[in-house]
Enquirer: 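This is the structure I have questions about; it appears just below.
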Number of protein chains: 2
Amino acid sequence: MTDEEERREVALLLRRLNVELDAVGQRFADLHGLNRTDVRALVAIMDAARRGESLTAGRLGEAVDLRSASVTALVDRLERVGHVRRVRDPEDRRRVGLQMSESAMAAGAEHFGGLARDLTAAMEGYSADELAVVRRWLEDMTAVITRHSRGS
Amino acid sequence: MTDEEERREVALLLRRLNVELDAVGQRFADLHGLNRTDVRALVAIMDAARRGESLTAGRLGEAVDLRSASVTALVDRLERVGHVRRVRDPEDRRRVGLQMSESAMAAGAEHFGGLARDLTAAMEGYSADELAVVRRWLEDMTAVITRHSRGS
DNA sequence: GTCGATTATCTCGATCGTCGAGATATTATG
DNA sequence: CATAATATCTCGACGATCGAGATAATCGAC
């Protein structure tokens, strides 16, 4: 196999990985009776919580790229099944903070945290040098992809 | 940084890459007035065409996980804007083959092929050994992820 | 302080994608 | 042949998203 062919195969492997990674989110959605937007929203809220922040409705809309009307409906759905709570911000009472319920947080940690744990475990066989190569490669690929995902 | 932290960071980089890769598809959708399902369908049809096959409506439904009613609507949309053509199979006249138009094929090649080209180009600086590490890592990660995307 | 502009969220009505149930047409089977 | 199985389509319903506009709270200029 030529070097060029090898590079193309690696690119294909990356694409296949991407498909499977999306399927992980889809599976979580199926298991919990949610749609993909709801899952993306929960992940965004969970990420913010891990950073010690509490997303407002508006910031959530930016994170998942939805208009305010859709965010209201989205939060209604998540609140109805008990995954999040609306908490009016006492500093600025126009704002609505979003807090994940314990159960939703636990379910998310179980599902996505479990994946993260297995991924890092699968990397234990790699030397520091090898991981450095992988990291550099990921950064390079992400840079290229980001250029394509925004302007050309 | 400990080895464990480094592994976690690499996992986070992979997740970030995944987000950007999804955004590439979203951008193609925006540019061409399509939704994400339509893009996934076009990609599936394009992949099949590259393998010399012609997807039927049913197989397309399996590829993008839609019921037959939705596939009919999907193909209606794509046909209406001239991206695909329905071609009744003369062997089995119940079946409907899907052929991509030249313009749609060109647009897809331009967008996704351009990304693939840039990705492989960005790998030119990597030695065969380094690429082998990356490839092994991708295969390992994909195996873990696939286990999570199907049964746990 | 007061009033208009700005900001954050929500309500309402409309549109579009998806689906289940069932219809239609074609092919396989006994 | 008659019947079952297969591939797609039609129809009606539902749900996610959106634009326009309403409501409520904060900010800024005076």
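Below, chain A is the first sequence line, B the second, and so on; all start at residue 1.
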Enquirer: With nearest nucleotide decided by heavy atoms, which residue, Gly58(B) or Arg93(A), maps closer to the 5′ end of DNA chain D?
Expert: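 That would be Gly58(B).
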Enquirer: I want to check a possible cation-pi pair here: Arg36(A) against Phe28(A), using under 6.0 Å from ring centre and within 45° of the ring axis as the test.
Expert: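 No; the conditions do not both hold, so Arg36(A) does not lie above the ring face of Phe28(A).
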Enquirer: Give a yes/no answer on whether the side chain of Thr72(A) brings an N or O atom under 4.0 Å of OP1 or OP2 in dC10(C).
Expert: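 Answer is yes, contact under 4.0 Å.
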Enquirer: Once you round it to whole Å, what is the distance between C1' of dC16(C) and CZ of Arg80(B)?
Expert: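 Arg80(B) atom CZ is separated from dC16(C) atom C1' by 11 Å.
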Enquirer: Of all the choices, dT17(D), dA16(D), dT26(D), which nucleotide is nearest to the side chain of Leu66(A) once you look at every atom?
Expert: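 Closest nucleotide among those given: dT17(D).
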Enquirer: Does one side chain, of Glu20(B) or Ser149(A), offer a donor that lies under 3.5 Å from an acceptor on the other?
Expert: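 Their side chains do contain a donor-acceptor pair, which is all the 3.5 Å distance test asks for.
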Enquirer: Does Arg77(B) put a side-chain nitrogen or oxygen below 4.0 Å from OP1 or OP2 of dG17(C)?
Expert: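 So the side chain of Arg77(B) is within the cut-off, an N or O lying under 4.0 Å from OP1 or OP2 of dG17(C).
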Enquirer: Does Arg15(B) qualify as a cation-pi partner of Phe112(A), given the criterion of NZ or CZ under 6.0 Å from the six-membered ring centre and within 45 degrees of its axis?
Expert: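 No, cation not above the ring by the 6.0 Å, 45° rule.
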Enquirer: Provide, to the nearest angstrom, the distance between the CZ atom belonging to Arg59(B) and the P atom belonging to dA7(D).
Expert: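 It is 8 Å, rounded to the nearest whole Å.
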Enquirer: Counting just side-chain N and O atoms, does Arg36(A) come under 4.0 Å of either OP1 or OP2 of dG15(D)?
Expert: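 Answer no for this pair, as no side-chain N or O of Arg36(A) is under 4.0 Å from OP1 or OP2.
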Enquirer: For Gln26(B) and dT17(D), give me the distance from atom CD to atom P, rounded to whole Å.
Expert: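 Nearest whole value for this atom pair: 12 Å.
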Enquirer: Between Asp22(A) and Gln26(A), do the side chains contain an N or O donor and an N or O acceptor separated by less than 3.5 Å?
Expert: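 Checked: Asp22(A)/Gln26(A) side chains show no N/O donor-acceptor pair below 3.5 Å.
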Enquirer: Measure the distance from CG on Asp76(B) to P on dC9(D) and round it to the nearest whole Å.
Expert: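 So the CG-P distance, Asp76(B) to dC9(D), works out to 7 Å.
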Enquirer: Could you state the atom-to-atom distance from CZ of Arg88(B) to P of dA25(C) in whole Å?
Expert: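 In whole Å, dA25(C) P lies 11 Å from Arg88(B) CZ.
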Enquirer: Between Asp65(A) and Glu91(A), which residue's closest nucleotide on DNA chain D lies nearer the 5′ terminus?
Expert: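 Nearest-nucleotide comparison on DNA chain D picks Asp65(A).
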Enquirer: Are Thr37(A) and dT17(D) close enough that a side-chain N or O sits under 4.0 Å from OP1 or OP2?
Expert: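 Yes, within the criterion.
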Enquirer: If you take atom types as modelled and just measure distance, does the side chain of Arg94(B) reach the base of dT6(D) with a donor-acceptor pair under 3.5 Å?
Expert: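 Counting by modelled atom types and ignoring angles, a donor-acceptor contact under 3.5 Å is found here.
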Enquirer: From the list dT8(D), dG17(C), dA25(D), which nucleotide is the closest neighbour of the side chain of Asn35(B)?
Expert: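 For Asn35(B), the side-chain atoms sit closest to dG17(C).
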Enquirer: If you take all heavy atoms of Met100(A) and Leu42(A), which pair is closest and at what distance?
Expert: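 Heavy atoms only, the tightest pair is SD-O, 3.7 Å.
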Enquirer: I'd like to check Thr56(A) versus Val96(A) (side-chain heavy atoms, cut-off strictly below 4.5 Å). Are they in contact?
Expert: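 The answer is no, as the side chains (C-beta and beyond) never meet within the 4.5 Å cut-off.
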Enquirer: When you measure only distances, ignoring hydrogens and angles, does the side chain of Ser68(B) come within 3.5 Å of the base of dC9(D) through a donor and an acceptor?
Expert: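 Flag set: donor-acceptor pair detected.
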Enquirer: To the nearest angstrom, how far is Arg95(A) atom CZ from dT6(C) atom P?
Expert: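 Computing the Arg95(A):CZ to dT6(C):P distance gives 19 Å.
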Enquirer: Rounded to the nearest angstrom, tell me the gap between atom CG in Asp92(B) and atom C1' in dA28(C).
Expert: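 So the CG-C1' distance, Asp92(B) to dA28(C), works out to 10 Å.
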Enquirer: For Leu74(A), answer base if it contacts any base atom (sugar-phosphate contacts may also be present), sugar-phosphate if it contacts only those atoms, and nothing otherwise; contact means non-hydrogen atoms under 4.0 Å.
Expert: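 Since no nucleic acid heavy atom lies under 4.0 Å of Leu74(A), the category is nothing.
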Enquirer: Describe the nucleic acid contact of Arg86(B) in one word from base, sugar-phosphate, nothing, applying a heavy-atom distance below 4.0 Å.
Expert: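 Sugar-phosphate contact only.
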Enquirer: Determine: side-chain N/O of Arg67(A) to OP1/OP2 of dT17(D), distance under 4.0 Å, yes or no.
Expert: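 Checking Arg67(A) against dT17(D): no side-chain N or O falls below 4.0 Å of OP1 or OP2.
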Enquirer: Can you check the Arg40(B) CZ to dT18(C) C1' distance for me, whole Å?
Expert: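 The distance from CZ of Arg40(B) to C1' of dT18(C) comes to 13 Å, rounded to the nearest Å.
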Enquirer: Mind checking Ala69(B) for me? I need base, sugar-phosphate or nothing, with any heavy atom below 4.0 Å counting as a touch.
Expert: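 The residue Ala69(B) makes base contact.
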Enquirer: Using a 4.0 Å heavy-atom cut-off, does Ala57(A) contact any base of the nucleic acid, only the sugar-phosphate backbone, or nothing at all?
Expert: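 Sugar-phosphate only.
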